[in-house]
Amino acid sequence: MKITLSNITAYKKWLNKENKPLSLAAKDLAAHAAEINKDVRSFIAIDPDVITNRALSLEKQTKRGSLWGVPVALKDNICIKGGLTTCGSRILEGFRPPYNATVATKLQAAGALLMGRANMDEFAFGSSCETSCYGPTRNPRDLSRIPGGSSGGSCAAVAAAQVVAALGSDTGGSVRQPASLCGVVGLKPTYGRVSRFGLVAFASSLDQIGPVTTNVEDCARMLEVISGHDAKDSTSVDINVPEYTASLERDIKDVTIGIPKEYFTCGISKDVSRRVQEAIKALKGLGAKIVDVSLPHTKYAVSCYYIIAPAEASSNLARYEGVHYGRRSAHAEDLIEMYIASRNEGFGAEAKRRILLGTYALSSGYYDAYYLKAQKVRTKIADDFRAVFTACDCILTPTSPTTAFKIGERIDDPLKMYLSDIFTIPANLAGLPAISVPCGEDKSGLPVGLQFMAGPFKEEMLIRVAHAYERSR
Ligand code: GLN
(Lines give C-alpha, C1' and ligand atoms only; values in the text may rest on other atoms or scores of the structure.)
Protein backbone atom coordinates (compact mmCIF):
# COMPACT_ATOMS: atom_id res chain seq x y z
CA MET A 1 0.00 0.00 0.00
CA LYS A 2 1.32 3.42 -0.92
CA ILE A 3 0.86 6.22 1.59
CA THR A 4 1.10 9.79 0.32
CA LEU A 5 2.89 12.04 2.78
CA SER A 6 4.44 14.55 0.38
CA ASN A 7 2.40 17.52 1.69
CA ILE A 8 -0.83 18.32 3.52
CA THR A 9 -3.04 18.62 0.42
CA ALA A 10 -1.79 15.40 -1.16
CA TYR A 11 -2.06 13.55 2.14
CA LYS A 12 -5.65 14.65 2.69
CA LYS A 13 -6.55 13.47 -0.81
CA TRP A 14 -4.99 10.11 -0.02
CA LEU A 15 -6.84 9.87 3.27
CA ASN A 16 -10.14 10.65 1.53
CA LYS A 17 -9.52 8.06 -1.14
CA GLU A 18 -8.62 5.41 1.44
CA ASN A 19 -12.07 6.01 2.86
CA LYS A 20 -11.44 4.28 6.18
CA PRO A 21 -11.58 5.49 9.77
CA LEU A 22 -8.56 7.52 10.83
CA SER A 23 -7.74 4.95 13.51
CA LEU A 24 -7.26 2.29 10.83
CA ALA A 25 -5.24 4.61 8.62
CA ALA A 26 -3.18 5.44 11.72
CA LYS A 27 -2.13 1.81 12.01
CA ASP A 28 -0.77 1.95 8.45
CA LEU A 29 0.94 5.27 9.14
CA ALA A 30 2.60 3.92 12.27
CA ALA A 31 3.83 0.79 10.47
CA HIS A 32 5.14 2.89 7.57
CA ALA A 33 6.99 5.28 9.90
CA ALA A 34 8.44 2.40 11.91
CA GLU A 35 9.77 0.71 8.78
CA ILE A 36 11.65 3.84 7.65
CA ASN A 37 12.81 4.44 11.21
CA LYS A 38 14.98 1.30 11.13
CA ASP A 39 17.40 3.23 8.89
CA VAL A 40 16.81 6.91 9.61
CA ARG A 41 16.11 6.75 13.36
CA SER A 42 14.41 10.12 13.36
CA PHE A 43 11.91 8.94 15.97
CA ILE A 44 13.03 7.93 19.42
CA ALA A 45 10.13 5.52 19.50
CA ILE A 46 6.92 4.87 17.58
CA ASP A 47 4.09 3.39 19.62
CA PRO A 48 1.24 2.17 17.34
CA ASP A 49 -1.19 1.88 20.28
CA VAL A 50 -0.65 5.47 21.38
CA ILE A 51 -1.05 6.67 17.78
CA THR A 52 -4.22 4.63 17.29
CA ASN A 53 -5.71 5.98 20.52
CA ARG A 54 -4.96 9.53 19.47
CA ALA A 55 -6.59 8.82 16.11
CA LEU A 56 -9.66 7.44 17.89
CA SER A 57 -10.06 10.63 19.88
CA LEU A 58 -9.65 12.69 16.68
CA GLU A 59 -12.43 10.65 15.11
CA LYS A 60 -14.71 12.01 17.83
CA GLN A 61 -13.90 15.67 17.03
CA THR A 62 -17.07 17.14 15.61
CA LYS A 63 -15.42 20.25 14.21
CA ARG A 64 -12.54 19.23 11.98
CA GLY A 65 -9.63 21.65 12.10
CA SER A 66 -7.20 22.55 9.31
CA LEU A 67 -4.80 19.74 10.21
CA TRP A 68 -7.35 17.02 10.81
CA GLY A 69 -5.67 13.61 10.60
CA VAL A 70 -2.33 15.02 9.47
CA PRO A 71 0.59 13.05 10.97
CA VAL A 72 3.00 15.35 12.78
CA ALA A 73 6.21 14.69 14.76
CA LEU A 74 7.15 16.70 17.85
CA LYS A 75 10.71 17.28 18.94
CA ASP A 76 11.50 15.50 22.20
CA ASN A 77 11.70 18.80 24.13
CA ILE A 78 8.02 19.73 23.59
CA CYS A 79 5.87 18.44 26.45
CA ILE A 80 2.94 16.13 25.82
CA LYS A 81 0.83 15.39 28.88
CA GLY A 82 1.59 11.88 30.07
CA GLY A 83 3.93 11.17 27.12
CA LEU A 84 7.66 10.62 27.53
CA THR A 85 9.59 13.87 27.04
CA THR A 86 13.32 13.44 27.52
CA CYS A 87 15.20 16.05 25.44
CA GLY A 88 17.39 13.21 24.18
CA SER A 89 18.94 13.07 27.65
CA ARG A 90 19.50 10.32 30.15
CA ILE A 91 18.80 12.78 32.94
CA LEU A 92 15.14 12.97 31.89
CA GLU A 93 14.81 9.20 31.59
CA GLY A 94 11.19 8.23 32.23
CA PHE A 95 9.96 11.83 32.59
CA ARG A 96 6.29 12.26 31.72
CA PRO A 97 5.11 15.88 31.93
CA PRO A 98 1.85 16.53 33.77
CA TYR A 99 0.77 19.07 31.14
CA ASN A 100 0.81 19.79 27.41
CA ALA A 101 2.94 22.42 25.72
CA THR A 102 0.64 25.09 24.29
CA VAL A 103 1.72 24.14 20.75
CA ALA A 104 0.77 20.51 21.40
CA THR A 105 -2.70 21.57 22.59
CA LYS A 106 -3.09 23.82 19.54
CA LEU A 107 -2.03 21.07 17.13
CA GLN A 108 -4.42 18.60 18.73
CA ALA A 109 -7.25 21.12 18.58
CA ALA A 110 -6.52 21.57 14.86
CA GLY A 111 -6.80 17.79 14.46
CA ALA A 112 -3.13 16.86 13.99
CA LEU A 113 -2.22 13.24 14.66
CA LEU A 114 0.82 13.35 16.94
CA MET A 115 3.03 10.45 15.86
CA GLY A 116 5.73 10.51 18.52
CA ARG A 117 8.96 12.00 19.73
CA ALA A 118 11.55 13.17 17.22
CA ASN A 119 15.19 12.66 18.14
CA MET A 120 17.38 15.68 18.91
CA ASP A 121 20.76 16.70 20.21
CA GLU A 122 20.74 16.45 23.99
CA PHE A 123 18.83 19.49 25.33
CA ALA A 124 19.12 20.95 21.80
CA PHE A 125 22.89 21.47 22.15
CA GLY A 126 24.29 20.66 18.74
CA SER A 127 24.17 20.93 14.98
CA SER A 128 24.27 17.27 13.99
CA CYS A 129 21.78 15.26 16.05
CA GLU A 130 24.64 13.10 17.30
CA THR A 131 24.60 14.01 21.00
CA SER A 132 21.27 12.34 21.80
CA CYS A 133 21.47 9.56 24.39
CA TYR A 134 19.50 7.45 21.88
CA GLY A 135 22.24 7.67 19.26
CA PRO A 136 22.39 9.67 16.04
CA THR A 137 19.66 10.28 13.48
CA ARG A 138 20.73 9.78 9.88
CA ASN A 139 20.15 12.04 6.91
CA PRO A 140 17.52 10.38 4.67
CA ARG A 141 19.32 11.72 1.60
CA ASP A 142 22.54 9.89 2.56
CA LEU A 143 22.50 7.61 5.59
CA SER A 144 26.23 8.07 6.24
CA ARG A 145 25.63 11.77 6.94
CA ILE A 146 24.14 13.81 9.75
CA PRO A 147 20.70 15.41 9.27
CA GLY A 148 21.82 18.61 11.00
CA GLY A 149 20.68 19.64 14.44
CA SER A 150 19.45 20.01 16.92
CA SER A 151 15.98 19.33 15.41
CA GLY A 152 17.54 16.61 13.23
CA GLY A 153 14.82 14.08 14.04
CA SER A 154 12.01 16.49 13.11
CA CYS A 155 13.62 17.40 9.78
CA ALA A 156 14.68 13.85 8.88
CA ALA A 157 11.15 12.58 9.65
CA VAL A 158 9.66 15.10 7.20
CA ALA A 159 12.37 14.51 4.58
CA ALA A 160 11.91 10.73 4.82
CA ALA A 161 8.09 11.11 4.54
CA GLN A 162 7.42 9.45 7.88
CA VAL A 163 5.18 12.42 8.67
CA VAL A 164 3.82 15.37 6.70
CA ALA A 165 5.07 18.02 9.12
CA ALA A 166 6.96 18.44 12.37
CA LEU A 167 7.80 20.95 15.06
CA GLY A 168 11.34 21.74 16.12
CA SER A 169 12.88 24.39 18.33
CA ASP A 170 15.36 27.00 17.19
CA THR A 171 17.74 28.70 19.63
CA GLY A 172 20.61 29.32 17.24
CA GLY A 173 19.45 27.66 14.03
CA SER A 174 18.12 24.31 15.14
CA VAL A 175 15.09 24.35 12.85
CA ARG A 176 16.67 26.06 9.85
CA GLN A 177 20.05 24.33 9.68
CA PRO A 178 18.70 20.74 9.71
CA ALA A 179 15.89 21.79 7.34
CA SER A 180 18.55 23.03 4.96
CA LEU A 181 20.66 19.86 5.26
CA CYS A 182 17.65 17.56 4.79
CA GLY A 183 16.13 19.51 1.87
CA VAL A 184 12.93 20.67 3.60
CA VAL A 185 11.41 23.98 4.72
CA GLY A 186 12.00 25.24 8.29
CA LEU A 187 10.89 28.49 9.90
CA LYS A 188 11.94 30.21 13.10
CA PRO A 189 9.23 32.68 14.11
CA THR A 190 9.85 36.10 15.69
CA TYR A 191 10.68 35.78 19.39
CA GLY A 192 7.27 36.00 21.06
CA ARG A 193 5.21 34.85 18.07
CA VAL A 194 4.77 31.26 19.32
CA SER A 195 4.27 30.28 22.95
CA ARG A 196 7.22 28.61 24.63
CA PHE A 197 5.03 27.19 27.38
CA GLY A 198 5.90 23.51 27.68
CA LEU A 199 9.05 23.79 25.59
CA VAL A 200 11.89 22.59 27.81
CA ALA A 201 14.06 25.68 28.16
CA PHE A 202 17.55 25.84 26.65
CA ALA A 203 18.22 29.59 26.41
CA SER A 204 14.98 31.35 27.28
CA SER A 205 15.78 34.65 25.56
CA LEU A 206 16.51 32.88 22.25
CA ASP A 207 14.26 29.78 22.04
CA GLN A 208 11.36 29.64 19.58
CA ILE A 209 9.32 26.68 18.33
CA GLY A 210 9.02 26.48 14.55
CA PRO A 211 7.43 24.31 11.83
CA VAL A 212 9.21 21.89 9.48
CA THR A 213 7.40 20.96 6.25
CA THR A 214 8.08 19.91 2.67
CA ASN A 215 6.83 23.18 1.20
CA VAL A 216 6.15 26.81 2.08
CA GLU A 217 2.38 26.49 1.91
CA ASP A 218 2.34 23.82 4.63
CA CYS A 219 4.75 25.94 6.66
CA ALA A 220 2.22 28.80 6.52
CA ARG A 221 -0.58 26.46 7.59
CA MET A 222 1.39 25.12 10.53
CA LEU A 223 2.42 28.62 11.61
CA GLU A 224 -1.21 29.74 11.57
CA VAL A 225 -2.07 26.96 13.99
CA ILE A 226 0.78 27.37 16.48
CA SER A 227 1.09 31.19 16.61
CA GLY A 228 -0.54 33.57 19.02
CA HIS A 229 -0.50 35.07 22.46
CA ASP A 230 -0.50 32.74 25.45
CA ALA A 231 -1.02 33.96 29.00
CA LYS A 232 1.18 31.07 30.14
CA ASP A 233 4.24 32.53 28.37
CA SER A 234 4.97 36.08 29.52
CA THR A 235 7.25 36.65 26.50
CA SER A 236 4.57 35.76 23.97
CA VAL A 237 3.29 38.89 22.28
CA ASP A 238 -0.35 39.89 22.14
CA ILE A 239 -0.76 40.92 18.53
CA ASN A 240 -2.99 39.67 15.78
CA VAL A 241 -1.98 36.47 13.93
CA PRO A 242 -2.32 37.10 10.20
CA GLU A 243 -3.71 34.50 7.85
CA TYR A 244 -0.31 33.43 6.56
CA THR A 245 -1.72 31.31 3.74
CA ALA A 246 -3.33 34.45 2.29
CA SER A 247 0.05 35.94 1.39
CA LEU A 248 1.18 32.91 -0.60
CA GLU A 249 -0.08 33.98 -3.98
CA ARG A 250 1.12 37.58 -4.02
CA ASP A 251 4.01 38.42 -6.33
CA ILE A 252 7.24 39.97 -5.08
CA LYS A 253 7.66 42.85 -7.54
CA ASP A 254 7.43 45.37 -4.69
CA VAL A 255 9.98 43.56 -2.51
CA THR A 256 13.56 44.69 -1.90
CA ILE A 257 15.96 41.94 -0.87
CA GLY A 258 19.24 42.80 0.86
CA ILE A 259 22.38 40.70 0.35
CA PRO A 260 24.75 41.15 3.31
CA LYS A 261 28.36 40.91 2.16
CA GLU A 262 29.45 39.52 5.55
CA TYR A 263 27.60 36.27 4.84
CA PHE A 264 29.52 35.39 1.70
CA THR A 265 33.05 35.19 3.05
CA CYS A 266 33.42 32.86 5.99
CA GLY A 267 34.05 29.20 5.13
CA ILE A 268 31.21 28.91 2.67
CA SER A 269 31.50 26.00 0.22
CA LYS A 270 31.69 26.65 -3.54
CA ASP A 271 28.55 24.67 -4.29
CA VAL A 272 26.52 26.48 -1.62
CA SER A 273 27.73 29.83 -2.92
CA ARG A 274 26.86 28.88 -6.51
CA ARG A 275 23.33 27.76 -5.63
CA VAL A 276 22.68 30.93 -3.64
CA GLN A 277 23.93 33.13 -6.49
CA GLU A 278 21.53 31.30 -8.82
CA ALA A 279 18.72 31.95 -6.36
CA ILE A 280 19.52 35.66 -6.34
CA LYS A 281 19.24 35.65 -10.13
CA ALA A 282 15.92 33.81 -9.96
CA LEU A 283 14.53 36.34 -7.49
CA LYS A 284 15.62 39.19 -9.75
CA GLY A 285 13.76 37.43 -12.54
CA LEU A 286 10.63 37.45 -10.37
CA GLY A 287 10.85 41.23 -10.16
CA ALA A 288 12.40 41.65 -6.71
CA LYS A 289 14.89 44.45 -6.27
CA ILE A 290 18.28 43.23 -5.04
CA VAL A 291 20.52 45.56 -3.01
CA ASP A 292 23.83 45.13 -1.19
CA VAL A 293 23.68 45.67 2.55
CA SER A 294 26.10 45.40 5.44
CA LEU A 295 25.71 43.85 8.89
CA PRO A 296 29.12 44.76 10.31
CA HIS A 297 28.79 43.00 13.68
CA THR A 298 28.04 39.61 12.13
CA LYS A 299 31.57 38.43 12.85
CA TYR A 300 30.90 38.56 16.60
CA ALA A 301 27.63 36.63 16.47
CA VAL A 302 28.99 33.12 17.13
CA SER A 303 31.19 34.24 20.05
CA CYS A 304 28.38 36.30 21.49
CA TYR A 305 25.92 33.40 21.18
CA TYR A 306 28.33 30.95 22.83
CA ILE A 307 28.42 33.15 25.92
CA ILE A 308 24.72 33.99 26.17
CA ALA A 309 23.24 30.61 25.21
CA PRO A 310 25.39 28.50 27.59
CA ALA A 311 24.91 31.10 30.37
CA GLU A 312 21.14 30.74 30.12
CA ALA A 313 21.44 26.98 29.66
CA SER A 314 23.58 26.55 32.78
CA SER A 315 20.92 28.35 34.76
CA ASN A 316 18.00 26.47 33.14
CA LEU A 317 19.67 23.09 33.63
CA ALA A 318 20.27 23.65 37.34
CA ARG A 319 16.80 22.16 37.97
CA TYR A 320 17.92 18.66 37.00
CA GLU A 321 19.30 17.41 40.29
CA GLY A 322 17.74 14.00 40.63
CA VAL A 323 14.85 15.18 42.80
CA HIS A 324 12.29 16.98 40.67
CA TYR A 325 12.65 15.34 37.28
CA GLY A 326 13.78 12.13 35.69
CA ARG A 327 16.78 10.12 36.72
CA ARG A 328 18.28 9.80 40.19
CA SER A 329 21.63 8.15 40.79
CA ALA A 330 21.62 5.01 42.87
CA HIS A 331 25.25 5.55 43.82
CA ALA A 332 25.20 8.19 46.53
CA GLU A 333 25.47 8.27 50.30
CA ASP A 334 24.07 11.73 50.99
CA LEU A 335 22.12 14.52 49.33
CA ILE A 336 25.05 16.46 47.85
CA GLU A 337 26.63 13.29 46.52
CA MET A 338 23.26 12.39 45.00
CA TYR A 339 23.03 15.74 43.18
CA ILE A 340 26.53 15.36 41.84
CA ALA A 341 26.21 11.72 40.81
CA SER A 342 22.78 12.26 39.19
CA ARG A 343 24.09 15.14 37.11
CA ASN A 344 27.33 13.38 36.30
CA GLU A 345 25.59 10.20 35.13
CA GLY A 346 22.65 11.98 33.50
CA PHE A 347 24.28 14.64 31.30
CA GLY A 348 26.34 13.86 28.21
CA ALA A 349 29.66 15.48 27.31
CA GLU A 350 28.26 18.42 25.30
CA ALA A 351 25.72 19.29 28.00
CA LYS A 352 28.51 19.30 30.57
CA ARG A 353 30.63 21.53 28.34
CA ARG A 354 27.75 24.03 28.02
CA ILE A 355 27.11 24.04 31.78
CA LEU A 356 30.80 24.69 32.45
CA LEU A 357 31.04 27.44 29.83
CA GLY A 358 27.87 29.12 31.06
CA THR A 359 28.67 28.90 34.74
CA TYR A 360 32.09 30.38 34.07
CA ALA A 361 30.67 33.26 32.03
CA LEU A 362 28.22 34.08 34.84
CA SER A 363 30.62 33.70 37.75
CA SER A 364 31.53 36.66 39.86
CA GLY A 365 34.59 38.43 38.50
CA TYR A 366 33.91 37.17 34.94
CA TYR A 367 30.29 38.29 34.54
CA ASP A 368 31.20 41.79 33.32
CA ALA A 369 33.97 40.59 31.05
CA TYR A 370 31.90 37.88 29.35
CA TYR A 371 28.15 37.91 29.93
CA LEU A 372 27.62 41.65 30.12
CA LYS A 373 29.94 42.27 27.17
CA ALA A 374 28.09 39.65 25.12
CA GLN A 375 24.77 41.36 25.92
CA LYS A 376 26.17 44.65 24.61
CA VAL A 377 27.36 42.96 21.42
CA ARG A 378 23.90 41.40 21.07
CA THR A 379 22.41 44.90 21.07
CA LYS A 380 24.87 45.97 18.34
CA ILE A 381 23.87 42.99 16.22
CA ALA A 382 20.18 43.84 16.63
CA ASP A 383 20.94 47.49 15.74
CA ASP A 384 22.63 46.35 12.50
CA PHE A 385 19.41 44.62 11.46
CA ARG A 386 17.24 47.59 12.42
CA ALA A 387 19.37 49.83 10.22
CA VAL A 388 19.35 47.44 7.28
CA PHE A 389 15.57 46.99 7.37
CA THR A 390 15.14 50.66 6.56
CA ALA A 391 16.70 49.87 3.17
CA CYS A 392 15.20 46.45 2.37
CA ASP A 393 12.23 44.21 3.25
CA CYS A 394 14.14 41.03 3.78
CA ILE A 395 17.66 39.65 3.78
CA LEU A 396 18.91 36.66 1.83
CA THR A 397 21.82 34.42 2.91
CA PRO A 398 22.82 30.77 2.73
CA THR A 399 21.33 28.82 5.67
CA SER A 400 24.45 26.78 6.31
CA PRO A 401 28.00 27.26 4.99
CA THR A 402 28.19 23.61 3.86
CA THR A 403 25.91 20.71 3.02
CA ALA A 404 25.48 17.69 5.35
CA PHE A 405 28.74 16.36 6.72
CA LYS A 406 29.61 12.77 7.64
CA ILE A 407 28.51 11.28 10.95
CA GLY A 408 31.45 11.65 13.34
CA GLU A 409 33.24 14.27 11.25
CA ARG A 410 32.86 17.22 13.65
CA ILE A 411 31.86 15.58 16.90
CA ASP A 412 35.33 15.91 18.46
CA ASP A 413 35.83 19.48 17.30
CA PRO A 414 33.32 21.73 19.09
CA LEU A 415 34.56 24.86 17.37
CA LYS A 416 33.96 23.40 13.92
CA MET A 417 30.55 22.20 15.05
CA TYR A 418 29.67 25.65 16.45
CA LEU A 419 30.57 27.30 13.14
CA SER A 420 27.80 25.30 11.42
CA ASP A 421 25.39 27.94 12.75
CA ILE A 422 27.27 31.05 11.73
CA PHE A 423 24.46 32.20 9.40
CA THR A 424 21.50 31.25 11.58
CA ILE A 425 22.55 32.56 15.01
CA PRO A 426 22.16 36.31 14.26
CA ALA A 427 18.37 36.02 13.76
CA ASN A 428 18.04 34.47 17.22
CA LEU A 429 20.19 37.13 18.85
CA ALA A 430 18.05 39.82 17.22
CA GLY A 431 14.76 37.96 17.82
CA LEU A 432 13.90 38.04 14.10
CA PRO A 433 11.90 35.59 11.98
CA ALA A 434 13.80 33.54 9.41
CA ILE A 435 13.01 30.73 6.99
CA SER A 436 15.12 28.14 5.19
CA VAL A 437 13.93 26.83 1.81
CA PRO A 438 15.60 24.27 -0.46
CA CYS A 439 17.64 25.80 -3.30
CA GLY A 440 19.12 22.92 -5.22
CA GLU A 441 21.90 20.48 -4.54
CA ASP A 442 25.67 20.25 -4.36
CA LYS A 443 27.81 18.04 -6.63
CA SER A 444 27.02 14.95 -4.54
CA GLY A 445 23.29 15.58 -4.68
CA LEU A 446 23.03 16.89 -1.11
CA PRO A 447 20.49 19.65 -0.45
CA VAL A 448 21.45 23.31 -0.12
CA GLY A 449 19.25 25.74 1.83
CA LEU A 450 18.50 29.41 1.27
CA GLN A 451 17.68 31.64 4.24
CA PHE A 452 15.45 34.72 4.30
CA MET A 453 15.27 36.95 7.38
CA ALA A 454 12.81 39.81 7.97
CA GLY A 455 11.89 42.40 10.58
CA PRO A 456 9.97 41.45 13.74
CA PHE A 457 6.56 39.84 13.05
CA LYS A 458 7.12 40.00 9.29
CA GLU A 459 6.60 36.25 8.81
CA GLU A 460 4.12 37.06 6.02
CA MET A 461 6.94 38.66 4.04
CA LEU A 462 9.13 35.56 4.50
CA ILE A 463 6.34 33.26 3.40
CA ARG A 464 5.52 35.37 0.38
CA VAL A 465 9.12 35.62 -0.84
CA ALA A 466 9.98 32.00 -0.04
CA HIS A 467 6.84 30.77 -1.79
CA ALA A 468 7.49 32.86 -4.90
CA TYR A 469 11.03 31.49 -5.03
CA GLU A 470 9.90 27.90 -4.43
CA ARG A 471 7.36 28.14 -7.23
CA SER A 472 9.93 29.52 -9.66
CA ARG A 473 12.09 26.41 -9.28
N1 GLN B 1 23.64 24.49 17.14
C2 GLN B 1 23.38 25.54 18.07
C3 GLN B 1 23.81 25.13 19.45
O4 GLN B 1 24.31 24.05 19.58
C5 GLN B 1 21.93 25.89 18.01
C6 GLN B 1 21.08 24.94 18.75
C7 GLN B 1 19.63 25.27 18.73
O8 GLN B 1 19.17 26.13 17.98
N9 GLN B 1 18.93 24.64 19.61
O10 GLN B 1 23.66 25.83 20.39
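Indexing begins at 1, ligand by ligand and atom by atom, following the structure's order. Keep in mind that this is a model prediction, so the values were computed, not measured.
- Contact check for S269 versus V272: side-chain heavy atoms found under the 4.5 Å cut-off.
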Could you pull out the N/O contacts under 3.5 angstrom between ligand 1 and the surrounding protein atoms?
from, atom 1, to, atom 2, distance (Å)
ligand 1, 1 (N), G126, O, 3.0
ligand 1, 1 (N), S127, OG, 2.9
ligand 1, 1 (N), D421, OD2, 2.6
ligand 1, 4 (O), G126, N, 2.8
ligand 1, 4 (O), Y306, OH, 3.3
ligand 1, 4 (O), R354, NH1, 3.4
ligand 1, 4 (O), R354, NH2, 2.8
ligand 1, 8 (O), T171, N, 2.8
ligand 1, 8 (O), G172, N, 2.6
ligand 1, 8 (O), G173, N, 3.3
ligand 1, 8 (O), S174, N, 3.0
ligand 1, 8 (O), S174, OG, 2.7
ligand 1, 9 (N), A124, O, 3.0
ligand 1, 9 (N), S150, OG, 3.4
ligand 1, 9 (N), S174, OG, 2.7
ligand 1, 10 (O), Y305, OH, 2.6
ligand 1, 10 (O), Y306, OH, 3.4
ligand 1, 10 (O), R354, NH1, 2.9

TODO: Give the intermediate values and the outcome of side-chain contact (heavy atoms from CB on, under 4.5 Å) for residues L29 and Y11.
DONE: CA-CA 11 Å; L29 291 168; Y11 167 78; 3.6 Å; yes

TODO: Determine, stepwise, if the pair T102 / K106 fulfils side-chain contact (heavy atoms from CB on, under 4.5 Å).
DONE: CA-CA 6 Å; T102 297; K106 285 185 177 226; 3.8 Å; yes

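- Take E470 and apply the salt bridge (charged side-chain N to carboxylate O under 4.0 Å, His left out) test, not counting sequence neighbours, and it matches no residue.
- Not counting sequence neighbours, the partners of R274 by the side-chain contact (heavy atoms from CB on, under 4.5 Å) test are K270, D271, E278.
- For R141, the salt bridge (charged side-chain N to carboxylate O under 4.0 Å, His left out) criterion is met by E441, not counting sequence neighbours.
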